Amino acid sequence: MDLNSFLRLDQQEISNIIINYLVEEKKRISRQYKVVIFSAIKHACEMNDVILNWKKLKKFIKSDKTNNSINGKDRGYTHEEIQKILGFSDQRLKTAFLVLASTGIRIGALQSIRISDLERIDDLYKITVYSGDREEYLTFCTPECAKEIDAYLDYRTRRGETITQDSYLLVRKFSQITKVKGKPFKGKAPITILRVHYKFWT
């Protein structure tokens, strides 16, 4: 069902659809994900003057087991895991993993970081995450990570890319014959690449 069709339903039908989605056992999705979906639907309804009892509907958001053994148990990488991953990673993946491991930023924030978000301070980088957004904050990488960033940027330069302040820190792979270099990732591409690589080598 598209959004327009959904919004044309009467209030009770809309409420029932939302409740069924939130309590359906087959979905097995986390409470956090349900909150995101609920907020998006609520915003769409309010922007289109659809009035519902949101306080009541919100009570149907419950925590369900997702069959994911690590759900809610996020932790940092161990030194052994990092060394094992780096041993089988190319320059780009090494940079990505070290930025994540040393700064603690989310994978989703990685693809939005530009060169202008990096400020060199002695032997490390100060990194502005979500630059220009309300969520903007500062973090710092380790000297080891800073060296890897420099090596990765140097590699891209040697491969023919012109790097400016507007360039992205991490870009899609390219060869010397690629016409356009330095293209940013799209969607969840970096998340998929990093997760597949991590699972394969661990």
Side-chain angles (χ1 to χ4, degrees), residues 1-77 96-97 99-118 126-141 165-172 183-199:
M1 183 185 300
D2 60 42
L3 180 60
N4 289 330
S5 299
F6 175 75
L7 294 173
R8 281 198 294 267
L9 298 175
D10 63 47
Q11 292 180 340
Q12 190 58 53
E13 285 184 288
I14 293 177
S15 296
N16 289 340
I17 289 175
I18 295 173
I19 292 172
N20 288 336
Y21 179 84
L22 294 176
V23 302
E24 187 178 343
E25 289 294 328
K26 292 180 181 179
K27 293 193 178 299
R28 314 296 287 179
I29 56 178
S30 67
R31 183 180 188 279
Q32 289 82 359
Y33 186 76
K34 288 180 179 180
V35 169
V36 172
I37 297 299
F38 180 84
S39 298
I41 295 173
K42 181 173 182 282
H43 177 72
C45 288
E46 289 179 338
M47 292 299 291
N48 289 275
D49 299 320
V50 176
I51 301 173
L52 300 175
N53 188 341
W54 296 107
K55 187 175 181 180
K56 173 184 175 182
L57 293 174
K58 193 173 184 178
K59 294 182 183 297
F60 288 92
I61 300 178
K62 299 177 181 179
S63 297
D64 291 327
K65 292 182 178 180
T66 61
N67 295 324
N68 179 356
S69 60
I70 63 171
N71 186 49
K73 300 179 182 178
D74 290 346
R75 61 173 176 79
Y77 301 113
F97 275 117
V99 170
L100 290 172
S102 68
T103 65
I105 68 173
R106 300 172 67 106
I107 294 179
L110 200 56
Q111 68 195 85
S112 66
I113 297 176
R114 297 174 185 264
I115 301 303
S116 59
D117 297 323
L118 306 179
K126 179 174 75 173
I127 303 174
T128 302
V129 185
Y130 299 125
S131 180
D133 292 348
R134 291 175 59 186
E135 304 290 327
E136 178 182 315
Y137 67 93
L138 299 175
T139 187
F140 297 84
C141 72
Q165 288 295 296
D166 201 43
S167 298
Y168 287 90
L169 173 60
L170 291 167
V171 297
R172 286 187 270 174
K183 287 185 177 181
F185 283 105
K186 290 184 178 180
K188 296 183 178 180
I191 298 176
T192 303
I193 293 171
L194 290 169
R195 282 180 176 169
V196 169
H197 196 79
Y198 174 79
K199 290 178 180 178

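Since the model is a prediction, treat every value here as computed from it, not as a measurement. Computed over heavy atoms, backbone and side chain alike; hydrogens, waters and symmetry mates excluded.
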Is there a donor-acceptor pair under 3.5 Å between the side chain of [X] and the backbone N or O of [Y]?
{"X": "Q11", "Y": "I51", "answer": "yes"}
{"X": "T139", "Y": "T103", "answer": "yes"}
{"X": "D2", "Y": "N4", "answer": "yes"}
{"X": "N48", "Y": "V50", "answer": "no"}

Quick one: do N53 and S15 satisfy side-chain contact (heavy atoms from CB on, under 4.5 Å)? Show the steps, please. CA-CA 8 Å; N53 188 341; S15 296; over 6 Å; no
Testing the basics here: between [X] and [Y], what is the closest heavy-atom pair and its distance to 0.1 Å?
{"X": "R106", "Y": "Y130", "value": "CD-OH, 3.9 Å"}
{"X": "F60", "Y": "L22", "value": "O-CB, 3.7 Å"}
{"X": "W54", "Y": "K42", "value": "CH2-CA, 3.4 Å"}
{"X": "I14", "Y": "L9", "value": "CD1-O, 3.6 Å"}

Candidate pair V129 and D117, rule side-chain contact (heavy atoms from CB on, under 4.5 Å), full reasoning: CA-CA 7 Å; V129 185; D117 297 323; over 6 Å; no
Interatomic distance, [X] atom [atom1] to [Y] atom [atom2] [nearest 0.5 angstrom]:
{"X": "F6", "Y": "L3", "atom1": "CZ", "atom2": "CG", "value": "8.0 Å"}
{"X": "L7", "Y": "S5", "atom1": "CG", "atom2": "OG", "value": "9.0 Å"}
{"X": "S112", "Y": "I105", "atom1": "OG", "atom2": "CD1", "value": "7.5 Å"}
{"X": "I115", "Y": "Y168", "atom1": "CD1", "atom2": "OH", "value": "11.5 Å"}
{"X": "E46", "Y": "I41", "atom1": "CD", "atom2": "CD1", "value": "12.0 Å"}
{"X": "L110", "Y": "F97", "atom1": "CG", "atom2": "CZ", "value": "10.0 Å"}

D166: partners by side-chain contact (heavy atoms from CB on, under 4.5 Å), with sequence neighbours left out: R114, T164
